[in-house]
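Note that ligands are numbered from 1 as they come in the structure, with each ligand's atoms numbered from 1 the same way.
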Amino acid sequence: MSDAISQTLPFAELVQLLQQIFQRHGASPGVAQVLAHNCATAQRDGAHSHGVFRVPGYISSMASGWVDGTAVPVVEDVASGFVRVDAGNGFAQPALAAARPLLVSKAREAGIAVLAIRNSHHFAALWPDVEPFAREGLVALSVVNSMTCVVPQGGQKPLFGTNPIAFSAPCEGHDPIVFDMATSALAHGDVQIAARQGETVPEGSGVDRHGQPTTDPKAILDGGALLPFGGHKGSALSMMVELLAAALTGGNFSFGFNWSGHPGAQTPWTGQLIIVIDPAKAAGNDFAARSRELVERMQQVGVTRMAGDRRYRTRAKAEVEGVQVGREELSRLRALAG
Ligand code: NDP
Ligand code: PYC
């Protein structure tokens, strides 16, 4: 959070406030509701790079005419295990919401189903897209590409996006196993937050405009670039995301759009792929129990922090105490809501 002092408010109140803001600034009631829930969910779980921090970017992107906050997604049932959605230059989350019932029924019927979203803008964390599938007993994997700001391994210039991968799986007696990670060393949002707060970023995160390694987030943002995590391995995963989220869906590559004609535009105009598997079709049909066994074995060898634990802990606290929002940020939000 950018303010040192924070206030708390009930989750439902934050959703309502955000819904008012999005609707007042160009989104239809349905789209505003989906975006507000997504954004409040990230804030609730302490995913601050994709919580209310993103509100000005959503608003300026809609105001610039770059993204259509009123788009109505078109869902196509193309094969027994394949659903396509044209998001109509709107946001990806309403497209997922529109296609979700068909996707789940296909996954339950065929054991696996793919959702390919194109012509969409994803400006959020990816885990809220996959976690609900695991809560219904399904396994889900999603990838989304973003905007050119990452130098591929061996390259001289940025080409890939920060391209996250999110995965969720049911786990008997526990919250779902969920991880969600950018394939860049840092998410672009975290670089922006570090720059705003005058902090440095870890070595190996990025380069300056001359291609020299830097820990200065402003140098990364001002003509520099991020690096993939884990060298050639993260770079290969980022390439895979470009192929699945853009080439396969029919969406833009991260380098395939240019928002310079739309001052204020910040949302990447790309695509998203979601694969949903019904483990009930698997041999043995005890997937959630096997998940729990794996987690327990990890704990026995000393793992005390699973991916997702920090979010679940922050969520549990927010459910009791309310969602934390910086005090100045909250007054800015209230002003935006009118
Ligand atoms: P992090 O590096 O913070 O976390 C990645 C994953 O690792 C999370 O599941 C996290 O769990 C887990 N984790 C973190 N630290 C540990 C640890 N010490 N031990 C075990 N697990 C750990 O995320 P990123 O910076 O890579 O990404 C941040 C967000 O940015 C993501 O939500 C991503 O979707 C979003 N993003 C969105 C983009 C878009 O185009 N829409 C583009 C790029 C990023 P936990 O959540 O519990 O901390
Ligand atoms: O944090 O890298 C990021 C990001 C890109 C698009 C939305 N978030």
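- Closest protein heavy atom to atom 38 (C) of ligand 1: P164 CG, 3.5 Å.
- Regarding atom 2 (O) of ligand 2, its nearest protein heavy-atom neighbour is T162 OG1, 2.7 Å.
- Residue contacts with ligand 2 include R54, since one of its heavy atoms falls under 4.0 Å from the ligand.
- Judged purely by distance below 3.5 Å, without hydrogens or angles, the side chains of H48 and D190 never pair a donor atom with an acceptor atom.
- The residues E319 and R315 are annotated as not salt-bridged, no charged nitrogen and carboxylate oxygen being separated by less than 4.0 angstrom.
- No N or O atom of T162 sits closer than 3.5 Å to an N or O atom of ligand 1.
- Scanning the protein for heavy atoms near atom 24 (P) of ligand 1, the closest one is A182 N, 3.8 Å.
- Contacts between P268 and ligand 1 below 4.0 angstrom, taking non-hydrogen atoms only, are absent altogether.
- For ligand 2 and M147, the ligand atoms under 4.0 Å from any heavy atom of the residue are 5 (C).
- For P268, the heavy-atom gap to ligand 2 drops under 4.0 angstrom.
- Taking a cut-off of under 4.0 Å to the non-hydrogen atoms of H50, the atoms of ligand 1 that pass are 29 (C), 30 (O), 35 (C), 36 (N), 37 (C).
- R135 and D175 are joined by a salt bridge, as a carboxylate oxygen and a charged side-chain nitrogen come within less than 4.0 angstrom of each other.
- In this structure, atom 1 (P) of ligand 1 is not in close contact with the protein, since no protein heavy atom lies within 4.0 Å of it.
- Close approach of ligand 1 to S146 is summarised as follows: ligand atoms under 4.0 Å from at least one heavy atom of the residue are 40 (O).
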